[in-house]
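Let me begin by presenting the structure, written as structure tokens, before commenting on it.
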There are 2 protein chains.
Amino acid sequence: MHRPRKEMIAETRAKLIAAARHAFGTTGYAEASMDDFTASAGLTRGALYHHFGDKKGLLQAVIAQIDGEMAARINEVASRAPTRWQHFVDECSTYIEMALEPEIQRIMFRDGPAVLGDPAQWPNASACIVSMTDHLTALQEEGVVVSSLDPETASRLINGASSQAAQRIANSDDPEATSKKVVTAFKQLLEGLLKKPDPQSN
Amino acid sequence: MHRPRKEMIAETRAKLIAAARHAFGTTGYAEASMDDFTASAGLTRGALYHHFGDKKGLLQAVIAQIDGEMAARINEVASRAPTRWQHFVDECSTYIEMALEPEIQRIMFRDGPAVLGDPAQWPNASACIVSMTDHLTALQEEGVVVSSLDPETASRLINGASSQAAQRIANSDDPEATSKKVVTAFKQLLEGLLKKPDPQSN
DNA sequence: CCTATTCACATACGTAACGTATGCCAATTG
DNA sequence: CAATTGGCATACGTTACGTATGTGAATAGG
């Protein structure tokens, strides 16, 4: 056992992040007591302040973790898709699906922005946006998407719409029916990005 | 003086709402101390709890007020516009412009949703959405907009995109340039809603 | 192998803010 | 003019955050 030290530290960090993630995702950031969820991890706030500085710092760490997972899932879906445009649409759909999960919705789309400000300004997060932006750029070069728009800007707008879409489905009485309506409307909006002459996909 | 009573009460409420609105809009909801901003209105938390029940209740009142103002501004712009489609686009632009104001952005798009949940579920707010939805419905009947989508759903999605658009502009180093890019991308998305001349797609 | 130092984490404390319970005074009602 | 309502302030208890300090184990150095 030459490394029990580093391992213990990593484990402590992981436990804190996991406990906080659960608390933030269910109870919500503001209502989550640091005493409570550190205790649920078998620790105290001392460890928390040592590793993350303050409550916000811990939230940042949680967000970074979730963002990494989201990016991984997006990229996995990305790998299989016939056309690049389809690929792009799939990415958006996956994004909406992920946003349906209460934990992601709460932390990434509600409490996160409220506590840390505009997600576009987050240092570590939004790997998904990067991916979407890249694909939009490629689609422009291929002449599939109109060239007049800024890829990252478009990605962010679509992102905002996705988040709304997810919330609408998640809060619906009839998620099935709502999902259909939302996805239809969403894809319709995406059509606006296509160059007119030849809308051949989807 | 048969009404000094009612007037005083209304004035107290108005003062509390105004003070809270300022505090929430600048300091932010979570960081705004009730003791502080009630004192700045020459009152105490006693009045606040009497009229609004709790901090959330006050936030709701503030939101209702802002929402009313936003709806009024939207409707005013609405009154002058050559075509209904242009009217609709103007509405969206106005929405983005309003979202540029820090107070509106902070209260309506960040703290509001974080504290009170999905804006779509707010009882009193979102008069703007109603307006946009109505116009979309009319546009569908006129055959300008594709008939396959649900108007309110579309309005919400556009709303989400608008909020992103505004944040992007507001946080930009170069608001002028960013604004151009964002509005271009935004209008491009809206194009997706239009019925296309050629009958092949959709 | 022994000592010194680092550092991960816990404990203890001060402070600020929220919500409730209570009290008071002015205005309305009869 | 007496009684009562209710608008608002005051006082209090509770909770949660952040800091300052302490401790013990693991590493580093000789």
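In what follows, chains are A, B, ... by sequence order, proteins preceding strands, each numbered from 1.
Whole-Å rounding puts the B/Glu11 CD to C/dA27 P distance at 14 Å. Atom CE in A/Met34 sits about 14 Å away from atom C1' in D/dT15, given to the nearest Å. The CZ atom of B/Arg45 sits 17 Å away from the C1' atom of D/dG7 (whole-angstrom rounding). As a whole-Å value, the separation of B/Phe37 CZ from C/dA17 P is 11 Å. C/dC18 atom P lies 15 Å from atom CZ of B/Phe52, rounded to whole Å. Atom C1' of nucleotide D/dT10 and atom CG of B/Leu43 are separated by 14 Å, given to the nearest angstrom. For A/Glu7 and C/dC7, the CD to P distance is 19 Å, given to the nearest whole Å. Residue A/Asp36 contributes atom CG, which lies 13 Å from atom C1' of D/dC17 at whole-angstrom precision.
Along DNA chain D, the nucleotide closest to A/Tyr29 and the one closest to A/Gly46 are compared, and the more 5′ of them pairs with A/Tyr29. Mapping A/Ile9 and B/Tyr49 onto DNA chain C by nearest heavy atom places A/Ile9 at the nucleotide closer to the 5' end.
Within the nucleic acid shown, B/Ala32 comes within 4.0 Å of sugar-phosphate atoms alone, with no base atom in reach, counting heavy atoms only. Residue contacts for A/Ala39: at a heavy-atom cut-off of 4.0 Å it reaches no nucleic acid atom on any strand shown. Nucleic acid contact for A/Thr44: base, since at least one base atom lies under 4.0 Å from a heavy atom of the residue.
Contact between the side-chain N/O atoms of B/His50 and the OP1/OP2 oxygens of D/dC8 is not found at any separation under 4.0 Å. Checking the phosphate oxygens (OP1, OP2) of C/dA8, no side-chain nitrogen or oxygen of A/His51 falls inside 4.0 Å. Within the structure, a side-chain polar atom (N or O) of B/Thr12 is placed less than 4.0 Å from OP1 or OP2 of D/dC8.
Of the candidates C/dG19, D/dC8, D/dT19, C/dG19 carries the atom nearest the B/Lys55 side chain, counting heavy atoms from C-beta on. Between C/dG19, D/dC17, D/dA9, one nucleotide has an atom nearer to the side chain of B/Asp54 than all others, and that is C/dG19.
None of A/Arg21, A/Arg106, A/Lys56 except one satisfies the salt bridge (charged side-chain N to carboxylate O under 4.0 Å, His left out) rule with A/Asp111; the exception is A/Arg106.
In this structure, A/Ile74 and A/Met98 have side chains that are in contact, with non-hydrogen atoms separated by less than 4.5 Å.
One finds no salt bridge joining A/Glu91 and A/Arg80 here, because no Lys/Arg side-chain nitrogen approaches an Asp/Glu carboxylate oxygen to under 4.0 Å.
Checking side-chain atoms of B/Asp118 against main-chain N and O of B/Gln121 turns up no donor-acceptor pair under 3.5 Å.
Remark: the B/Thr38 side chain and the B/Thr44 side chain contain no N/O donor-acceptor pair separated by less than 3.5 Å.
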